[in-house]
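Just so you know, ligand 1 is whichever comes first in the structure, and atom 1 is the first atom listed for that ligand. Here, residue 1 is the first one in the sequence, and each next residue gets the next number. All figures in this text were calculated on a predicted structure; none of them were measured in a lab.
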Amino acid sequence: MRNKVIAGNWKMNKDLGETEKLINDLKTALNFNLIGSKVIICPPFPSLALAAKLIEGSPLELGAQNMHTEDEGAFTGEVSPKMLKAAGCRYVIVGHSERRQYFSETNEFINKKARKALASGLIPIICVGESLDEREKNITDQIVSVQVKGCLSEISAADMEKVIIAYEPVWAIGTGKNATPQQAQDVHRLIRKLISQLYSWTVAERVTIQYGGSVKADNAADLLHQPDIDGALVGGACLKPDSFSAIIQAAALSTKK
Ligand code: 13P
């Protein structure tokens with residue numbers, strides 16, 4: 001059985017003081033056995049080094065929300081994988097739909113970031129997902145297939161086993177509308193099948209596929225019990241220690257089952 005991986009994407013929230021409070025409150029709330037599940041927090045760039053210090057000795061791990069494809073150079077406003085590693089990150093989210101939508105990121109660029117992350121010793125959390133219009137036109141499978149194939153281009157099988165994919169239907173992000181467990185399971189199955197075609201079933205069975213989009217304390221258990229849902233990428237609910245820890249507890253319990 002794959003371990004569950006719960007990641008909290010803080011997005012553009014929490015300054016340094018608020019970061020300290022949120023992490024300390026979260027550590028207090030995590031007073032149960034995680035039973036093989038992993039918990040990653042992804043604060044904004046200015047909070048990463050502080051977060052790395054605060055989570056020392058706790059089960060929390062650190063990720064960033066984005067990165068550039070170069071290690072250094074004249075790329076004003078960008079942050080490199082080398083800098084993320086030095087700040088204490090092990091993970092990095094790439095291709096979030098908000099980056100695709102507001103910063104015009106393409107599958108090709110996201111693929112470049114994912115390959116660079118892996119080459120730098122970071123684990124990419126690669127996001128894919130259809131818009132409402134695409135779901136209503138019944139083209140979810142085509143859209144997600146193109147995204148998965150494009151984002152995984154030229155990634156070796158050995159690297160692929162480390163990659164995390166996050167299926168985040170755009171219409172479910174921040175809207176309070178989550179995909180039903182069955183809708184999410186169907187797309188997760190499709191993604192795993194695609195990976196089996198691109199690599200092998202052995203690789204596909206090892207890849208972690210998270211669901212994201214309005215995951216909350218009250219819907220997490222049903223989603224996480226689906227056979228191909230290996231975790232969650234949580235937005236709004238990860239900013240509240242009680243909600244985030246309830247989601248983590250649901251993951252731990254689903255692993256135990
Ligand atoms: P919400 O949980 O707020 O819908 O956000 C999901 C998300 O975008 C995580 O990356």
Side-chain angles (χ1 to χ4, degrees), residues 4-14 18 22 26 37-45 47-48 51 60-67 84 89-103 105 107 110 113-114 117 122-132 134-135 140 143-144 147-148 151 163-181 183-184 187-188 191 208-224 226 229-251:
K4 294 283 195 280
V5 183
I6 306 295
N9 175 7
W10 293 18
K11 308 195 179 184
M12 198 173 71
N13 293 293
K14 306 295 174 188
E18 292 163 342
L22 178 53
L26 184 59
S37 27
K38 266 184 186 301
V39 183
I40 306 163
I41 53 167
C42 303
F45 292 137
S47 292
L48 288 174
L60 301 171
E61 296 191 72
L62 192 63
Q65 298 173 22
N66 184 30
M67 56 167 248
L84 296 182
C89 292
R90 239 196 113 207
Y91 300 85
V92 59
I93 299 171
V94 294
H96 191 280
S97 63
E98 287 149 18
R99 304 256 2 135
R100 293 175 185 263
Q101 188 181 349
Y102 304 130
F103 302 95
E105 291 198 6
N107 289 322
I110 296 160
K113 289 188 189 201
L122 289 164
I123 296 175
I125 301 176
I126 303 174
C127 303
V128 297
E130 80 287 1
S131 66
L132 181 60
E134 289 159 348
R135 175 152 289 262
T140 297
I143 295 295
V144 172
Q147 290 173 334
V148 169
C151 291
V163 166
I164 297 175
I165 298 199
Y167 167 58
E168 298 204 306
V170 179
W171 49 272
I173 295 178
T175 56
K177 280 188 220 161
N178 63 294
T180 64
Q183 282 174 323
V187 181
H188 281 232
I191 295 171
T208 297
I209 309 177
Q210 295 176 318
Y211 169 78
S214 298
V215 176
K216 307 270 183 257
D218 59 5
N219 61 22
D222 285 347
L223 288 159
L224 291 165
Q226 297 299 314
I229 300 186
D230 310 318
L233 182 53
V234 184
C238 81
L239 300 172
K240 297 176 202 121
D242 288 348
S243 309
F244 195 46
S245 71
I247 293 168
I248 296 162
Q249 192 158 28

* For the residue pair His188 and Tyr211, categorise the inter-ring angle as parallel (less than 30°), tilted (30 to 60°) or perpendicular (more than 60°). => tilted
* **Distance filter under 4.0 Å to Gly174 heavy atoms, resulting ligand 1 atoms** => 1 (P), 3 (O), 4 (O)
* Asked: Which of the atoms in ligand 1, numbered in the order shown and given with their element, are less than 4.0 Å from a heavy-atom of Leu233?
  -> 9 (C), 10 (O)
* Would a distance-only check, ignoring hydrogens and angles, find a side-chain to backbone donor-acceptor pair under 3.5 Å from Asn178 to Gly213? -> no
* Asked: Is Leu122 close to Met67 at the side-chain level, that is, under 4.5 Å between some pair of heavy atoms?
  -> yes
* **Under 3.5 Å: N/O of Thr175 near N/O of ligand 1** => no
* atom 7 (C) of ligand 1: which protein heavy atom is closest, and how many Å away? -> Glu168 OE2, 3.1 Å
* Asked: Would one find an N or O of Asn9, backbone or side chain, under 3.5 Å from an N or O of ligand 1?
  -> yes
* To do: Would you confirm whether Arg100, through its side chain, and Gly95, through its main-chain N or O, come within 3.5 Å as a donor-acceptor pair?
  => yes
* **4.5 Å side-chain heavy-atom contact, Asn13 and Pro44** => no
* To do: Give the residue and atom name of whichever protein heavy atom lies nearest to atom 3 (O) of ligand 1, and the separation in Å to one decimal.
  => Gly236 N, 2.8 Å
* Can a non-hydrogen atom of Ser214 be found less than 4.0 Å from any atom of ligand 1? -> yes
* Atoms in ligand 1 with a heavy atom of Gly213 nearer than 4.0 Å -> 4 (O), 6 (C)
* To do: Please indicate whether any nitrogen or oxygen in Gly235 is less than 3.5 Å from any nitrogen or oxygen in ligand 1.
  => yes
* Flag the pair Phe45 / Leu84 as yes when at least one side-chain heavy-atom distance between them is below 4.5 Å, and no otherwise. => yes
* Structure fact -> Within 4.0 Å of some non-hydrogen atom of Lys11, the atoms of ligand 1 are 5 (O), 6 (C), 7 (C), 8 (O)
* Judged by modelled atom types alone, do Trp10 and Gln65 share a side-chain donor-acceptor pair under 3.5 Å? -> no
* Which atoms of ligand 1 sit under 4.0 Å from any heavy atom of Ala172? -> 4 (O)
* Judged by atom type as modelled, is there a donor-acceptor pair below 3.5 Å linking the side chain of Gln210 to the main-chain atoms of Val5? -> yes
* Asked: Does Ser97 come within less than 4.0 angstrom of ligand 1, counting non-hydrogen atoms of the residue?
  -> no
